[in-house]
Amino acid sequence: MIVWLNGTHGADKTTTSALVQQLLPDSRVFDAEKVGETLMDITPGLPGTDNFQHWPPWRPLVVETARRVLDYTGGTLVMPMTVLVEEYWREISAGLEQYAIPVRHFVLHADQATLRGRIEGDTVMGPSEFRFKYLEPYAEAARTWLHDEAEVVDTTHLTPALAAEQIARAVKG
């Protein structure tokens, strides 16, 4: 099974995913961003883009990597990864479905002011224009398709630990 934690920057996906992993037996965290980083390391570089998700190889490589890891280890993969383009989410989820891999898709949501504050106050990554520029696309995705495709966990007033507990309870049924 895959527990996909979606949401934009500042939603606490990375922190929450580590906590979810601790609450789900036989689970591992797989950050699909590492697949993007591998593609960014190709030299000479792939065609220019502002987001590795736009490279067509990224999406099937995420599916294939997750499938291979699950084939090897079994259990559950907890995947913290922002996917705000509906077409990309459909491609990934259809690819996982093709291999009969069940996906529990959660969106960690917070209001815009909270997200902005978390990005500004991040002492690890720090604030960045890259992170801020995804606030409006997230809001648009949330309004148009994303919240309909997932279980929404409003983290505006939740700590990552409480969000993780809520997700783990939902997954365990």
Side-chain angles (χ1 to χ4, degrees), residues 2-20 29-42 45-66 77-97 103-160 162-164 166-167 170:
I2 290 175
V3 176
W4 194 291
L5 302 186
N6 206 338
T8 195
H9 304 283
D12 289 331
K13 294 180 306 298
T14 301
T15 304
T16 302
S17 67
L19 297 167
V20 168
V29 174
F30 166 44
D31 188 343
E33 188 166 326
K34 301 300 183 193
V35 174
E37 290 173 5
T38 298
L39 293 173
M40 289 189 300
D41 285 343
I42 293 173
L46 298 177
T49 182
D50 65 341
N51 186 326
F52 58 72
Q53 290 186 18
H54 300 318
W55 286 325
W58 180 77
R59 299 173 300 278
L61 284 171
V62 166
V63 170
E64 190 62 22
T65 304
L77 288 181
V78 180
M79 297 181 61
M81 187 71 223
T82 300
V83 178
L84 300 180
V85 177
E86 183 177 10
E87 176 186 342
Y88 298 173
W89 175 252
R90 299 234 180 272
E91 186 177 340
I92 292 166
S93 58
L96 295 168
E97 186 177 312
V103 177
R104 290 292 296 268
H105 184 197
F106 294 89
V107 171
L108 301 185
H109 173 79
D111 62 52
Q112 292 284 307
T114 299
L115 292 169
R116 203 168 275 291
R118 288 178 184 167
I119 293 169
E120 288 169 355
D122 189 329
T123 57
V124 176
M125 294 184 66
S128 74
E129 282 310 306
F130 178 84
R131 296 173 82 201
F132 283 123
K133 84 176 192 176
Y134 283 94
L135 292 179
E136 184 48 42
Y138 166 73
E140 178 64 20
R143 277 191 300 274
T144 58
W145 71 274
L146 184 58
H147 283 195
D148 293 335
E149 292 291 319
E151 300 170 64
V152 178
V153 177
D154 190 335
T155 67
T156 302
H157 303 290
L158 284 183
T159 64
L162 290 173
Q166 185 176 331
I167 292 163

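Residues passing the ring pair (Phe, Tyr, Trp, His ring centres under 6.0 Å) test with Y134, sequence neighbours excluded: H9, F130. Partners of N6 under the side chain to side chain donor-acceptor pair (under 3.5 Å) rule, at least two apart in sequence or in another chain, are H105. Applying the salt bridge (charged side-chain N to carboxylate O under 4.0 Å, His left out) rule to E91 yields the partners R59; only residues at least two apart in sequence or on another chain are considered. Remark: Y88 pairs with H54 by the ring pair (Phe, Tyr, Trp, His ring centres under 6.0 Å) rule, at least two apart or across chains. By the side chain to side chain donor-acceptor pair (under 3.5 Å) test, E120 pairs with no residue at all, sequence neighbours left out. Taking T82 as the reference, K13 meet the side chain to side chain donor-acceptor pair (under 3.5 Å) condition, with sequence neighbours excluded.
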Discussion item. Could you walk me through whether L39 and L61 satisfy the side chain to side chain contact (heavy atoms under 4.5 Å, CB included) test, starting with their C-alpha distance in whole Å, then the side-chain angles of each, then the deciding distance to 0.1 Å, before giving a yes or no?
Written reply: CA-CA 10 Å; L39 293 173; L61 284 171; 3.9 Å; yes
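Atom CD of Q112 has more than 12 neighbouring heavy atoms from other residues, nucleotides or ligands inside a 6.0 Å radius. No more than 12 heavy atoms of other residues, nucleotides or ligands lie within 6.0 Å of NZ in K34, so this atom counts as exposed by the packing criterion.
Distance CD/Q53 to CD/E33: 9.0 Å, rounded to 0.5 Å. Interatomic distance, CE of M125 versus CZ of R118, reported as 15.0 Å (0.5 Å rounding). For the atom pair CH2 (W89) and CG (L146), the distance works out to 9.0 Å, reported to the nearest 0.5 Å. Taken to the nearest 0.5 Å, the CD1 atom of I167 stands 11.0 Å off from the CG atom of L162.
Taking both residues in full, the closest heavy atoms of A164 and L19 are given as CB-CB, 3.5 Å, listed atom of the first, atom of the second, then distance. The minimum heavy-atom distance between P80 and F30, with the atom names listed, is CD-O, 3.6 Å. Closest approach of V153 and F106 over heavy atoms only: CG2-CD2, 4.0 Å. Here the closest non-hydrogen pair linking T155 and A110 is OG1-CB, 3.7 Å. Here the closest heavy-atom approach between residue W4 and residue V103 is recorded as CB-CG1, 4.3 Å. Shown here for A66 and I2, the closest heavy-atom pair between the two residues is CB-CD1, 3.9 Å.
No donor-acceptor contact under 3.5 angstrom links the side chains of D12 and T15, judged on distance only.
A salt bridge is defined here as a Lys NZ or Arg NE, NH1 or NH2 lying under 4.0 Å from an Asp or Glu carboxylate O, and E87 with R90 fails to meet this definition. Of the charged side-chain nitrogens involved, none lies within less than 4.0 Å of a carboxylate oxygen, so that E86 and R143 do not count as a salt-bridged pair.
The shortest side-chain heavy-atom distance between V85 and N51 does not fall under the 4.5 Å cut-off.
Using modelled atom types, no side-chain atom of E151 and backbone atom of R104 make a donor-acceptor pair closer than 3.5 Å. In this structure a side-chain-to-backbone donor-acceptor pair under 3.5 Å is missing from S17 to V78.
Relative ring orientation between F52 and W58 is described as tilted, the plane-to-plane angle lying within the 30° to 60° band. Aromatic ring orientation, H147 versus H109: perpendicular (interplanar angle above 60°, classes split at 30° and 60°).
With respect to R131, the side chain to side chain contact (heavy atoms under 4.5 Å, CB included) criterion is satisfied by exactly one of T8, L115, D122: D122. Partner of P160 under the side chain to side chain contact (heavy atoms under 4.5 Å, CB included) criterion, out of L108, T16, T14: T16 alone.
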